[in-house]
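Since the structure comes first, as structure tokens, the remarks are kept for the end.
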Amino acid sequence: MSILVVGSVAFDSIATPFGQVEEVLGGSASYFSTAASFFTDVNLVAVVGEDFPREHIDYLNSRNIDLSGLQQSSGKTFRWKGRYDYNLNEAHTLETHLNVFEAFQPDIPDHYRNAEYVFLANIDPELQLDVLNQVSNPKLVACDTMNFWIAGKRHELIRTLAKVDILVINEAEVRQLADEPNLMKAAEIVRGFGPQTLVVKRGEYGVLMFGEGSIFSAPAYPLEEVFDPTGAGDTFAGGFVGYLAATRNLDEHNLRKAIVFGTVMASFTVEKFSLDRLKELDYNEIADRYRKIKLLTDFADIE
Ligand code: AMP
């Protein structure tokens, strides 16, 4: 079953302690779509400028990502500039240039409108809601956001969250959104905004999933070298929602499997800049890391 995703398609300039790159392909929707495309078909909604090269379009096409919802407008593509210190869990945003996103009005192609699985990747929450209003009757709506929007468009974000089933968000952002330092309490407050399931991304410490009366914890895949964490969250979401859409099953057991597939996908993205590691990935490597995470967390019942 295909997924409709709206999010950013960007040029990223990134510096980590291990290297730096200028204007590489990034954006929440690019990472999400590429990761999800290992599991199912993806219909993408976004905007790029006149400066967006054919090479990137060809790559996304090569992953079977439907680009009929990718508008090309006059102006410049969205740009994000960030830096990481040795604590790779924390991105420092240096510059955000919305560019063509400022005037973007999503126009969902007809064949996207009956999407059963929708992912609102990190983007202006007003645009997220606009897309949702053009979709007829989705079975699952999942959503991501970030501190930039929690601080700048809190009211709009809370309106969007009322229509969301699963929110995928960083630990610090849950606290910021709930205005509550304790994570357990913050999770309940945020679930109260609408999403019955909350997935909290904790960087190298893994993921916590909060449901009605349940919590699931998954570790991150233990890597010896993390090169650039940019896109880890969006890639996680792509694996997570991609697996759910492919299996068409939203029970707790399957949600947990999907969390581990998301974790595995993110572990590849952080090994190289941009989409470079995902570009060379094959499904056997994904399955291998899935089994290793299972072993990592396996322990016996109490006597
Ligand atoms: P993450 O998965 O959280 O590391 O997200 C990284 C991606 O988010 C980068 O490729 C950026 O282009 C994109 N990004 C950064 N800031 C924003 C923003 N304000 N709105 C949409 N996308 C953004």
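Atoms within each ligand, like the ligands themselves, are counted from 1 in listed order. Residue indices begin at 1 and follow the sequence shown. The basis for the numbers below is simple: all heavy atoms, side chains too, and nothing from hydrogens, waters or symmetry mates.
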Using a 4.0 angstrom limit on heavy atoms, which residues are close to ligand 1? Ser8, Ala10, Asp12, Gly26, Gly27, Tyr31, Phe78, Trp80, Asn122, Met146, Phe148, Trp149, Pro229, Thr230, Gly231, Ala232, Gly233, Asp234
Is there any ring pair (Phe, Tyr, Trp, His ring centres under 6.0 Å) pair reaching into residues 26-48, and which pairs are they, with sequence neighbours excluded? Phe32-Phe119, Phe39-Phe261
Only counting residues at least two apart or in another chain, list the ones meeting salt bridge (charged side-chain N to carboxylate O under 4.0 Å, His left out) with Arg191. Glu188, Glu212
Below 4.0 angstrom, N of the basic side chain to O of the carboxylate: do Asp51 and Arg79 qualify? yes
Taking NZ, NE, NH1 and NH2 as the nitrogens, is one of them in Lys272 or Asp228 under 4.0 Å from a carboxylate oxygen of the other? no
Using modelled atom types and a 3.5 Å cut-off, is there a donor and acceptor pairing between side-chain atoms of Arg289 and backbone atoms of Val264? no
Looking at residues at least two apart in the chain, or sitting in another chain, which of them share a salt bridge (charged side-chain N to carboxylate O under 4.0 Å, His left out) with Glu204? none
